[in-house]
4 protein chains.
Amino acid sequence: MSLVEETLDNLSIELPSWAFGNSGTRFKVFSTPGTPRTVQEKIADAATVHRLTGSAPTVALHIPWDAVDDYRSLGAYAEDLGVRLGTVNSNTFQDDDYKFGSLTHVDKKVRQKAIDHHLGCIEVMNETGSRDLKVWLADGTNYPGQGDIRGRQDRLAESLATIYQHIGVGQRLVLEYKFFEPATYMTDVPDWGTSYAHVSALGERAMVCLDTGHHAPGTNIEFIVAQLLRLRKLGSFDFNSRFYADDDLIVGAADPFQLFRIMFEVVRGGGLDPNSGVALMLDQCHNVEAKIPGQIRSVLNVQEMTARAALVDTGALTEAQESGDVLAANAVFMDAFYTDVRPALARRRAEHGLPEDPMAAFTRSGYQQQIETERVGGTPSSWGA
Amino acid sequence: MSLVEETLDNLSIELPSWAFGNSGTRFKVFSTPGTPRTVQEKIADAATVHRLTGSAPTVALHIPWDAVDDYRSLGAYAEDLGVRLGTVNSNTFQDDDYKFGSLTHVDKKVRQKAIDHHLGCIEVMNETGSRDLKVWLADGTNYPGQGDIRGRQDRLAESLATIYQHIGVGQRLVLEYKFFEPATYMTDVPDWGTSYAHVSALGERAMVCLDTGHHAPGTNIEFIVAQLLRLRKLGSFDFNSRFYADDDLIVGAADPFQLFRIMFEVVRGGGLDPNSGVALMLDQCHNVEAKIPGQIRSVLNVQEMTARAALVDTGALTEAQESGDVLAANAVFMDAFYTDVRPALARRRAEHGLPEDPMAAFTRSGYQQQIETERVGGTPSSWGA
Amino acid sequence: MSLVEETLDNLSIELPSWAFGNSGTRFKVFSTPGTPRTVQEKIADAATVHRLTGSAPTVALHIPWDAVDDYRSLGAYAEDLGVRLGTVNSNTFQDDDYKFGSLTHVDKKVRQKAIDHHLGCIEVMNETGSRDLKVWLADGTNYPGQGDIRGRQDRLAESLATIYQHIGVGQRLVLEYKFFEPATYMTDVPDWGTSYAHVSALGERAMVCLDTGHHAPGTNIEFIVAQLLRLRKLGSFDFNSRFYADDDLIVGAADPFQLFRIMFEVVRGGGLDPNSGVALMLDQCHNVEAKIPGQIRSVLNVQEMTARAALVDTGALTEAQESGDVLAANAVFMDAFYTDVRPALARRRAEHGLPEDPMAAFTRSGYQQQIETERVGGTPSSWGA
Amino acid sequence: MSLVEETLDNLSIELPSWAFGNSGTRFKVFSTPGTPRTVQEKIADAATVHRLTGSAPTVALHIPWDAVDDYRSLGAYAEDLGVRLGTVNSNTFQDDDYKFGSLTHVDKKVRQKAIDHHLGCIEVMNETGSRDLKVWLADGTNYPGQGDIRGRQDRLAESLATIYQHIGVGQRLVLEYKFFEPATYMTDVPDWGTSYAHVSALGERAMVCLDTGHHAPGTNIEFIVAQLLRLRKLGSFDFNSRFYADDDLIVGAADPFQLFRIMFEVVRGGGLDPNSGVALMLDQCHNVEAKIPGQIRSVLNVQEMTARAALVDTGALTEAQESGDVLAANAVFMDAFYTDVRPALARRRAEHGLPEDPMAAFTRSGYQQQIETERVGGTPSSWGA
């Protein structure tokens with residue numbers, strides 16, 4: 001299990017600060033006791049996940065949800081808890097001005113406002129030492145004829161170019177795509193091809209972000225992973241899982257085999273190599289399940305599937321593939337998937353001074369009871385703020 | 001155009017009170033000036049739509065969003081404005097108790113609470129003279145294993161049976177189905193088959209409600225319409241349109257030809273016959289477009305597609321179908337669809353003392369300016385209340 | 001593992017004779033050496049699968065592909081090889097007369113021809129002792145307007161009723177549904193609701209057949225399994241798997257977790273109880289992979305997933321479900337799925353005198369080389385004949 | 001209607017020779033009397049479509065289905081009938097060698113064979129004066145693990161580069177993408193992004209081919225049209241329509257509004273400008289409908305939708321878009337769609353000396369009776385040869 005060891009050593013999963021806050025659907029947001037009121041409390045929860053799993057050393061911020069006056073202090077606070085601040089995510093979808101678009105808006109003033117927001121995010125990155133600016137846009141239209149598809153693309157290209165000029169030498173702009181939602185008829189960055197065309201035009205420090213929940217039904221996601229790694233344009237992942245739409249469920253929950261196939265292509269394409277630059281991040285909504293354990297479970301799922309993926313006997317696989325033996329090739333592949341890696345991972349954790357069962361360790365820790373007791377009053381964090 | 005005339009005379013479209021309030025996505029709810037603060041203001045808006053179109057004589061209520069102390073007064077208020085109160089829609093998805101289900105909940109107390117809510121709705125119906133209790137459930141689960149699929153069905157059947165016992169002689173229980181959302185893994189009434197099985201078990205006054213946005217991609221909705229009419233179990237429609245999920249766009253906006261095919265099967269199956277009992281209702285969310293004109297446009301879309309559907313030369317169609325002439329049959333069908341019925345409908349409106357162009361008439365009326373001026377202060381209605 | 005033992009003891013998988021013949025797509029049918037030329041050779045291949053797995057004791061016939069003069073001799077031949085003849089599948093999709101339908105055709109003569117074909121199949125059943133007549137119809141239309149949806153349903157009901165009158169006391173009519181293909185616009189039995197409505201009208205010996213590849217994208221198949229078991233109308237399965245359309249891949253190959261969830265509901269709903277009457281059949285196309293090993297792999301996949309499903313700690317699951325602990329319930333469920341049951345199943349096989357690894361045993365057996373040598377000349381079996 | 005006039009003058013639709021031959025599904029190919037036996041007879045049928053519509057001046061060839069010894073004679077034959085030979089389509093999916101791929105195959109010999117086939121196609125182009133070599137690949141895999149996704153991409157790139165070296169100055173290589181089928185797990189060119197990445201790497205004379213039936217459910221195709229025109233990489237269309245899979249129905253039959261939106265973006269992006277280089281081709285299968293009228297209907301559908309698209313009042317549309325008036329913008333758009341352009345197009349045909357109703361003119365012409373009488377004996381053309 002040495003390749004597995006090396007692969008797991010390289011595995012590092014970024015947690016999104018907002019996963020610890022409340023989230024929901026257009027029908028209802030259910031709140032839970034202990035929900036963080038501040039970015040500091042979100043970071044504390046994230047640090048707890050890292051303490052128990054050893055694999056989640058960074059926390060992504062969402063601006064303005066996580067805006068503070070002093071980011072250096074925030075960074076120091078995080079480091080005191082054993083984690084670092086990571087990707088900065090922009091937000092141009094919750095201001096009334098953005099009803100009809102942000103970076104694509106017909107009104108130059110609105111576009112400039114959205115551009116300025118991103119420049120502000122870059123300033124945050126300069127303070128926090130973050131490498132990645134992640135741009136996900138809610139831009140799109142709900143009705144045919146509502147907007148000029150072509151004109152919106154041109155304005156998007158122009159806005160992105162302006163932002164990109166401010167991306168520092170060690171920094172990257174990562175452009176996420178999404179098939180639909182909140183826009184219903186057309187989103188302005190609906191597929192990897194569109195993101196790829198834009199980041200290729202921008203330059204070397206612009207990359208694609210692949211959110212596993214943002215595709216049409218039936219899309220072969222691992223193909224896109226392989227293709228983007230081949231084109232050297234896979235910047236980062238937003239991990240989650242889905243049955244139908246952008247369900248934002250725990251990664252691996254809906255289709256574990258798909259996660260296995262994705263991780264196999266990540267390993268195959270060098271995406272876990274130390275210098276690959278591929279960031280693995282969670283982006284999930286724990287609407288009905290407990291949030292901190294939801295994040296722990298997610299980290300474990302990625303870990304377990306990465307171990308399975310690394311277990312594939314690539315020599316035997318190649319041999320079967322080259323001889324046209326479909327069933328043998330598939331069997332080699334499935335053998336790794338069906339192998340129960342959990343005992344070995346538990347031992348590995350023990351060797352690293354981590355709890356063998358992080359889920360059980362969290363329950364035993366009393367952390368949940370503690371935050372339910374302490375976090376009384378104030379406004380629980382959510383997408384609203 | 002005499003069949004068309006007769007068909008259009010029978011056409012009556014119910015408006016949902018909530019379409020006049022704010023709605024949105026999990027990302028953002030945009031508000032607009034003039035949004036109603038009360039059920040009375042919603043009814044006033046609906047009455048405006050009816051005054052301009054002549055085809056929307058009833059307004060559906062949503063309880064508790066539209067709860068008032070005195071429903072007889074509310075009915076009188078509506079009649080003063082020229083409309084009547086229609087279907088009563090229950091709501092068991094916004095109370096914290098319903099996080100894990102309502103009529104299907106494992107806890108008998110929660111189930112009883114949900115049953116009692118429906119009995120309360122029946123009392124509202126008794127006051128308002130409404131015929132239909134519409135039951136749409138958000139019940140479902142997000143993760144495999146979260147609930148016992150079979151047990152939930154059994155509890156659902158029991159809860160519905162209890163409610164059905166209180167349905168009066170001239171009343172009906174109408175059970176809506178939905179493929180997904182807000183639940184992501186499983187909804188408890190996901191398809192027409194499930195709704196049909198339950199209402200068949202209940203009795204003659206239980207019917208299926210078909211929401212045009214609640215199906216899997218690629219589903220042939222007009223087939224379901226034809227089948228339910230054949231089985232005498234089509235109770236009502238919730239009209240809207242969608243490109244991907246339950247987008248709740250203006251009916252006919254996403255796929256006008258689909259609406260044509262649906263209305264053709266409604267006419268074919270006798271769904272517009274005076275005694276058919278099929279209720280046609282809108283159920284839409286005007287997230288980015290103006291609300292009252294959005295409803296007017298919807299009524300016009302249904303009217304226009306019904307006219308086109310009634311124009312199909314069924315004699316020629318049958319002849320082509322029976323002779324196996326695929327292209328001739330399709331041509332007869334498409335000829336009706338491609339006919340521009342708008343001038344004839346405008347003339348028809350003039351003959352009935354209605355504005356030829358209800359959209360333009362609304363703009364000219366100054367109604368929007370008036371409500372924007374008058375409706376200041378208070379809380380704009382939304383799904384939240 | 002005693003529940004698992006009992007469950008596996010009850011597990012019996014029927015093989016389709018046509019899986020051993022050539023199949024393909026509209027683009028190309030690739031042939032392979034050793035393909036059977038006769039039904040006898042298909043049965044010999046099926047018997048080989050049973051000899052190696054111990055779980056596939058019956059072979060389904062397809063008429064007229066497998067038509068012979070003397071079915072009693074054919075049955076004796078099968079029994080000599082250690083298997084029995086099972087379900088009889090009708091075929092009304094390869095005769096020019098059926099271009100526009102069979103049991104639904106507008107022409108009474110064509111309908112009668114299709115009915116007579118089914119009566120012929122019942123006679124075959126009388127000879128072979130088969131219990132089930134499986135009816136899958138290619139009936140449908142490609143263009144809107146091509147056929148009268150409602151009229152086709154009425155004719156279907158009438159035709160089925162005529163056939164059902166000839167179904168003997170110990171026999172059943174099983175009606176399969178399919179979302180699309182070969183018809184593109186509408187199939188006449190597109191969903192379980194339609195099949196359910198028809199078989200309910202027919203009587204107690206009419207049941208629904210669920211083919212796992214015949215649903216819209218995103219459909220929760222295990223829900224349908226649970227529902228049909230609850231309604232006592234699940235007659236049989238056609239097992240296969242798919243990524244996009246009706247791919248007819250090896251069961252469990254595309255989404256092993258889905259197969260696990262389906263088998264869990266089968267067990268949960270009593271579908272493996274000796275008296276349940278639920279028939280588990282494969283229905284697959286081995287277009288690019290070896291056929292006999294493809295069937296062995298399929299039997300093993302069903303066996304392994306059934307073992308995993310039976311491993312679910314239902315006591316712990318219920319407790320977690322009833323306490324609303326989503327993650328705990330999901331964890332109990334996933335723990336069974338992630339358990340590697342293969343070593344235990346290998347031991348179990350050895351205890352039953354079967355090869356521990358049926359795939360390897362087939363390779364070692366020399367059977368493939370033997371049939372490649374012997375089956376020279378003649379016409380390889382395929383869907384064509 | 002002057003813009004419309006100009007737009008229609010620029011509209012030219014290429015017919016596929018194979019649409020006149022038999023086609024079908026994996027279940028059955030129905031044959032029809034009068035089906036061509038030779039490429040000459042296919043061209044004669046295509047010329048008939050052009051004679052009646054005036055808009056289909058070229059015929060695409062498929063090699064080897066349409067292979068002849070003397071292409072110059074074939075070209076002269078076509079010109080005598082009033083049409084020209086157009087795009088050359090390669091075929092690497094019907095030879096046993098290609099079971100596991102062609103340009104992507106692991107075996108260098110098979111790749112070379114597939115490359116050589118394309119070089120042969122270029123020689124045909126040199127003879128016929130064709131501009132475009134269209135490459136559609138059936139390459140892909142059916143099972144996870146069967147092939148190395150990344151390695152296949154690399155080999156594909158290398159093979160394409162070799163072919164591209166032989167593309168002449170006035171010639172183009174057009175690479176088609178397809179979501180699925182015949183491969184079920186992965187196709188090697190599944191989406192426009194992959195095709196775009198490859199043709200961008202090849203050079204200026206390599207372009208993307210967009211087949212309207214080759215997308216995931218819910219894909220916004222007009223967005224891709226707008227994007228590819230913006231990127232100057234839209235080479236050609238394969239027009240058809242679909243409800244579920246790659247149904248290859250008559251263009252516009254399944255969703256006329258979608259065809260309208262596509263043609264609007266084509267016009268908007270300059271795709272009908274004389275120098276745009278965008279080729280509009282049909283690629284359909286008339287499985288149950290008459291073939292020549294099927295092609296006539298298709299040409300008319302494209303014509304009618306182009307006229308509607310050109311009718312959009314772009315000034316009013318832009319104004320509504322820029323003012324954020326969603327309903328007004330949508331109304332401008334829909335007004336053009338709902339306008340019945342058929343009478344004006346009939347007049348236009350009469351002015352050009354064409355029959356007002358090409359469908360009726362075909363019926364009157366007696367052409368079908370003639371070919372049914374003359375084309376007796378021989379083998380009807382089909383995908384097989």
Side-chain angles (χ1 to χ4, degrees), chain B residues 99-100 106-107 141-151 153-154 179-180 185-188 190-197 200 215-220 222-227 229-231 257 260-261 264-265 268-269 312 317-318 320-322 324 326-327 329-334 337, chain C residues 99-100 106-107 141-151 153-154 179-180 185-188 190-197 200 215-220 222-227 229-231 257 260-261 264-265 268-269 312 317-318 320-322 324 326-327 329-334 337:
Chain B
K99 187 173 183 178
F100 297 118
V106 287
D107 184 338
T141 59
N142 282 9
Y143 287 94
Q146 178 188 331
D148 176 24
I149 297 176
R150 171 69 174 270
Q153 283 299 309
D154 292 339
F179 185 51
F180 91 106
Y185 165 61
M186 180 212 66
T187 67
D188 288 298
D191 50 27
W192 78 264
T194 296
S195 178
Y196 172 69
S200 295
H215 302 88
T219 301
N220 186 323
E222 59 269 27
F223 177 90
I224 301 175
V225 171
Q227 184 69 279
L229 282 167
R230 177 180 171 269
L231 297 167
F257 182 43
F260 169 79
R261 300 191 311 260
F264 177 79
E265 292 303 329
R268 163 70 179 88
V312 172
L317 183 66
T318 300
Q321 288 172 343
E322 296 193 346
V326 175
L327 291 173
N330 182 248
V332 170
F333 205 64
M334 300 310 292
F337 176 67
Chain C
K99 187 172 182 178
F100 299 117
V106 286
D107 184 338
T141 59
N142 281 9
Y143 287 94
Q146 178 186 331
D148 176 24
I149 297 176
R150 171 69 174 270
Q153 284 299 307
D154 292 339
F179 184 49
F180 91 107
Y185 164 61
M186 179 211 67
T187 68
D188 288 299
D191 50 27
W192 78 264
T194 295
S195 179
Y196 172 69
S200 295
H215 301 87
T219 300
N220 186 323
E222 58 269 28
F223 177 90
I224 301 175
V225 171
Q227 183 69 278
L229 282 167
R230 177 180 171 268
L231 296 168
F257 183 43
F260 168 79
R261 301 192 310 261
F264 177 79
E265 292 303 328
R268 163 69 178 88
V312 172
L317 183 66
T318 301
Q321 288 173 343
E322 296 194 346
V326 176
L327 291 172
N330 181 248
V332 171
F333 205 64
M334 299 311 293
F337 175 67

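So that the names make sense, note that chain A is the first sequence line, chain B the second, and so on, each numbered from 1.
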Measure distances from [X] to the heavy atoms of chain B and classify the residue's part below 4.5 Å as side chain, backbone, both or neither.
X	result
C:T187	backbone
C:R150	both
C:D191	side chain
C:D188	backbone
C:L327	neither
C:Q227	side chain
C:F180	neither
C:R261	side chain

Chain C contact via [X] - which portion, at a heavy-atom distance below 4.5 Å:
X	answer
B:R268	side chain
B:D148	both
B:F223	both

Roughly how far apart are [X] [atom1] and [Y] [atom2], rounded to 0.5 Å?
X	Y	atom1	atom2	value
C:E322	C:L317	CD	CG	10.0 Å
B:F264	C:I149	CZ	CD1	8.5 Å
C:W192	C:T219	CH2	OG1	12.5 Å
C:L231	B:Q153	CG	CD	8.0 Å

Shorter than 4.5 Å, heavy atoms on both sides: which option in [options] has the most such pairs with chain C?
options	answer
B:S200, B:G151, B:G218	B:G218
B:D154, B:D107, B:V225	B:D154
B:A331, B:A216, B:P190, B:S195	B:P190

Give the minimum heavy-atom separation between [X] and [Y], together with the two atoms involved.
X	Y	answer
C:A329	B:Q146	CB-CA, 4.1 Å
B:A197	C:Y196	CB-CE2, 4.1 Å
B:P217	B:F179	CD-CE2, 4.2 Å
B:F333	C:P144	CE2-CB, 3.6 Å

Aromatic ring pairing C:F257/C:F337, orientation class (parallel under 30°, perpendicular over 60°, tilted between): tilted

